[in-house]
Enquirer: 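Could you have a look at this structure, given as structure tokens, before my questions?
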Amino acid sequence: MTGPHGTKAAGGTAGAEGAAAGPPTRMAGHLRLPGAVALAITIVVGSGALVSPGIAYHQTGQAALYAWLVAAAVTVPLLIVFARLGADLPGAGGVAGFVQAGFGRSWAAGVEVMLLGTFGLGIPAIALTGGFYFQQIPGLHGVPAWAAAIGLLVLAGVSVAIGGSVSSRIQIVLALLMTAGLLAAAVLGLSGGDPVQHLPPARPEELALGVAALGAVFFAFTGWEMLSFTTEEYANPRRDFPRVVVISFLVVTTLYVLLAWAVQTRLAEDDPKAASSPIHAVVSAAAPGLAWVVSVLGVVIIAANLVGAVWAASRLVMSSAREGLLPRPLARLSRSAGTPPRNAVAVCVAVFSLMALATASDLLSLSDLLTVAGQNFFLLYLFSAVVYARLKAGAPRAFGIAIAVLLGLLALTFGPLQLGYALALLVLGRVLSRRGGGRREAAPGS
């Protein structure tokens, strides 16, 4: 069976046939449940956990905790849709592959360009968050955040370029460390010293204020759409992808709610560190002697997050190159199907590094990057819901339509600049595809 983006579905023979004719055209299925769950956690948890609790608290005060609870509730039906699509349509194209299966190549090309534009903002924002935490390590205060961000991006690129099986083992260790470290920080913030604030008042206006801050925290709930670009590498995507989504969601949501609660328990709303390094500030307030440990933990978390992000982005670039939207050499694999697309990895790291460097000249701010990227990722869930409604029948179709309508209404709350950016990228991709930029060259053995 041929899946989205012209690749064979899991269990097919494309890899074996391609090996006889030349380099393989499909990644090997090496990811199993433990490694896939670790990759999911490290993709989702990152700058969202380290920065978004402070940004939301700075914007909305004690009502920020409601924003996290609402975001988690909204995410559940989205992930139901997403888990089923990922299981049914595995491939390196991810969300673009879903769209291609439902609406054809032209729309898929538009989503690919939108994704590339979104990754180009979101992943540098993740790296810059790591740069800010890097500056908090004793003796490293003078290192520019953008320089540290570029260094982290290069390390992530090297880790991904080594190979998927090695990278997955690294991610298991990092996922355990970051989960334990963040949980310890949250517990310390909630239990140490005298609290500054408490839980938000249970009033309708406070809940409404929290809902209005959904855009500020939703970036922290993105990442599962990036995970979709790795499903080609699952040993059994139909069985494991839904399990990975459920397990990682439970772990991530627990961490986020505890961290957000700790931030507004321990910090004042006007604390300047709340918007840049809130977790560091929480631990500093509760146990000043351990602040440097949080700085190191923050860098490790971002490093792990960047490995997953670069992994996913390079697979999107590879898939787009297969389709002819990007230069063909970016889809090249070596003779071993387990070897990653190193050309795509290198280009991703270079582009993301340039975007991080742009922040040094004040052309872009971290808040701008996070907001635009988070809202674009939200639109990807909308596209997935529309595809789900188109491909399913009966009750699943009705469920998909209901989710798409809800997401469409929430998207109307986004600013015109953010929506305009997403629309411009979508139109650009469709135009390029119709002009011949999306014609796929037949792959060996397909």
Side-chain angles (χ1 to χ4, degrees), residues 31 35-52 92-96 112 114-134 146 148-162 164 167-168 170-172 174-175 178 218-233 244 248 252 298-320 340-342 344-356 359 366 369-370 372-374 376-378 380:
L31 271 177
V37 170
L39 179 61
I41 292 173
T42 55
I43 283 179
V44 177
V45 177
S47 59
L50 295 174
V51 176
S52 295
V95 177
E112 285 173 12
M114 179 181 162
L115 279 162
L116 293 169
T118 303
F119 285 165
L121 299 180
I123 295 177
I126 295 170
L128 285 167
T129 302
F132 289 129
Y133 272 82
F134 191 85
W146 62 265
I150 292 174
L152 290 172
L153 284 167
V154 171
L155 287 175
V158 171
S159 177
V160 174
I162 290 173
S167 295
S168 64
I170 294 173
Q171 294 300 84
I172 290 174
L174 292 177
M178 65 191 287
F218 193 79
F219 181 79
F221 285 90
T222 62
W224 285 282
E225 72 291 328
M226 296 176 71
L227 189 66
S228 68
F229 300 102
T230 69
T231 53
E232 182 177 304
E233 299 166 70
V244 168
S248 59
V252 167
V299 174
V300 171
I301 290 171
I302 293 300
N305 194 228
L306 287 173
V307 171
V310 172
W311 189 332
S314 63
R315 274 41 172 187
L316 171 64
V317 169
M318 176 184 70
S319 179
S320 296
R342 288 174 177 152
V345 172
V347 167
C348 286
V349 170
V351 171
F352 300 152
S353 296
L354 287 174
M355 291 298 295
T359 62
L366 178 61
L369 294 176
L370 288 172
V372 176
N376 277 14
F377 281 129
F378 184 90
L380 296 178

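Only this structure's heavy atoms are used, side chains among them; waters, hydrogens and symmetry mates stay out.
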Enquirer: Applying side chain to side chain contact (heavy atoms under 4.5 Å, CB included), can you list everything that pairs with Thr118, at least two apart in sequence or on another chain?
Expert: Met114, Ala373, Asn376, Phe377

Enquirer: Restricting to non-hydrogen atoms, name the atom on Pro124 and the atom on Phe352 that form the minimum distance, rounded to 0.1 Å.
Expert: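 That closest heavy-atom pairing would be CG-O, 3.6 Å.
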
Enquirer: Supply the atom-to-atom distance Phe134 CZ to Thr129 OG1, rounded to the nearest 0.5 angstrom.
Expert: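 Phe134 CZ to Thr129 OG1: 15.0 Å, rounded to 0.5 Å.
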
Enquirer: Answer yes or no: is there a side-chain heavy-atom contact under 4.5 Å between Phe119 and Leu316?
Expert: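 Result yes, sub-4.5 Å side-chain heavy-atom pair found.
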
Enquirer: So, taking the atom named CD1 in Ile162 and the one named CZ in Arg342, what distance separates them when rounded to the nearest 0.5 Å?
Expert: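 One gets 9.0 Å once the value is rounded to the nearest 0.5 Å.
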
Enquirer: How many angstroms lie between SG in Cys348 and CD1 in Ile123, if you round to the nearest 0.5 Å?
Expert: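 Going from the SG atom of Cys348 to the CD1 atom of Ile123 covers 7.0 Å.
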
Enquirer: Could you measure the distance from the OG1 atom of Thr42 to the CD1 atom of Ile301? Nearest 0.5 Å is fine.
Expert: 11.0 Å

Enquirer: Does Val300 reach the side chain of Met178, with side-chain heavy atoms less than 4.5 Å apart?
Expert: no

Enquirer: Rounded to the nearest 0.5 Å, how far apart are CD1 of Ile43 and CG of Leu227?
Expert: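 Going from the CD1 atom of Ile43 to the CG atom of Leu227 covers 5.0 Å.
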
Enquirer: How far apart are the closest heavy atoms of Ile126 and Asn305, and which atoms are they?
Expert: CG2-OD1, 3.1 Å

Enquirer: Residues in side chain to side chain contact (heavy atoms under 4.5 Å, CB included) with Ala36, at least two apart?
Expert: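 Result, side chain to side chain contact (heavy atoms under 4.5 Å, CB included) vs Ala36: Tyr234, Val244.
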
Enquirer: Counting C-beta onward and ignoring hydrogens, is there a side-chain heavy-atom pair between Val307 and Val160 closer than 4.5 Å?
Expert: yes

Enquirer: Kindly give the heavy-atom pair with the smallest separation between Ala127 and Leu153, and that separation in Å.
Expert: CB-CG, 3.8 Å

Enquirer: Do you know which two heavy atoms are closest between Leu174 and Ala304, and how far apart they sit?
Expert: CD1-CB, 3.6 Å

Enquirer: Would the distance check show the side chain of Ser159 and the main-chain N or O of Leu155 forming a donor-acceptor pair, the cut-off being under 3.5 Å?
Expert: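 Here the side-chain-to-backbone pair does not exist.
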
Enquirer: Counting N and O atoms only, with roles assigned by atom type, does the side chain of Ser314 sit under 3.5 Å from a partner on the main chain of Trp311, one being a donor and the other an acceptor?
Expert: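 Judged by distance alone, yes, a pair lies under 3.5 Å.
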
Enquirer: Begin from the C-alpha positions of Trp224 and Val252 and carry the test side chain to side chain contact (heavy atoms under 4.5 Å, CB included) through to its verdict.
Expert: CA-CA 11 Å; Trp224 285 282; Val252 167; 4.2 Å; yes

Enquirer: Which atom pair, heavy atoms only, marks the closest approach of Ile150 to Ala356?
Expert: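 It is CG1-CB, 4.4 Å.
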
Enquirer: Considering non-hydrogen atoms only, spot the tightest contact between Gly308 and Leu39 and give its length.
Expert: CA-CD1, 3.9 Å

Enquirer: Got a donor-acceptor contact below 3.5 angstrom from the Ser319 side chain to the Arg315 backbone?
Expert: no

Enquirer: Are Val44 and Ser248 packed together at the side-chain level, in the sense that at least one heavy-atom pair is separated by less than 4.5 angstrom?
Expert: no

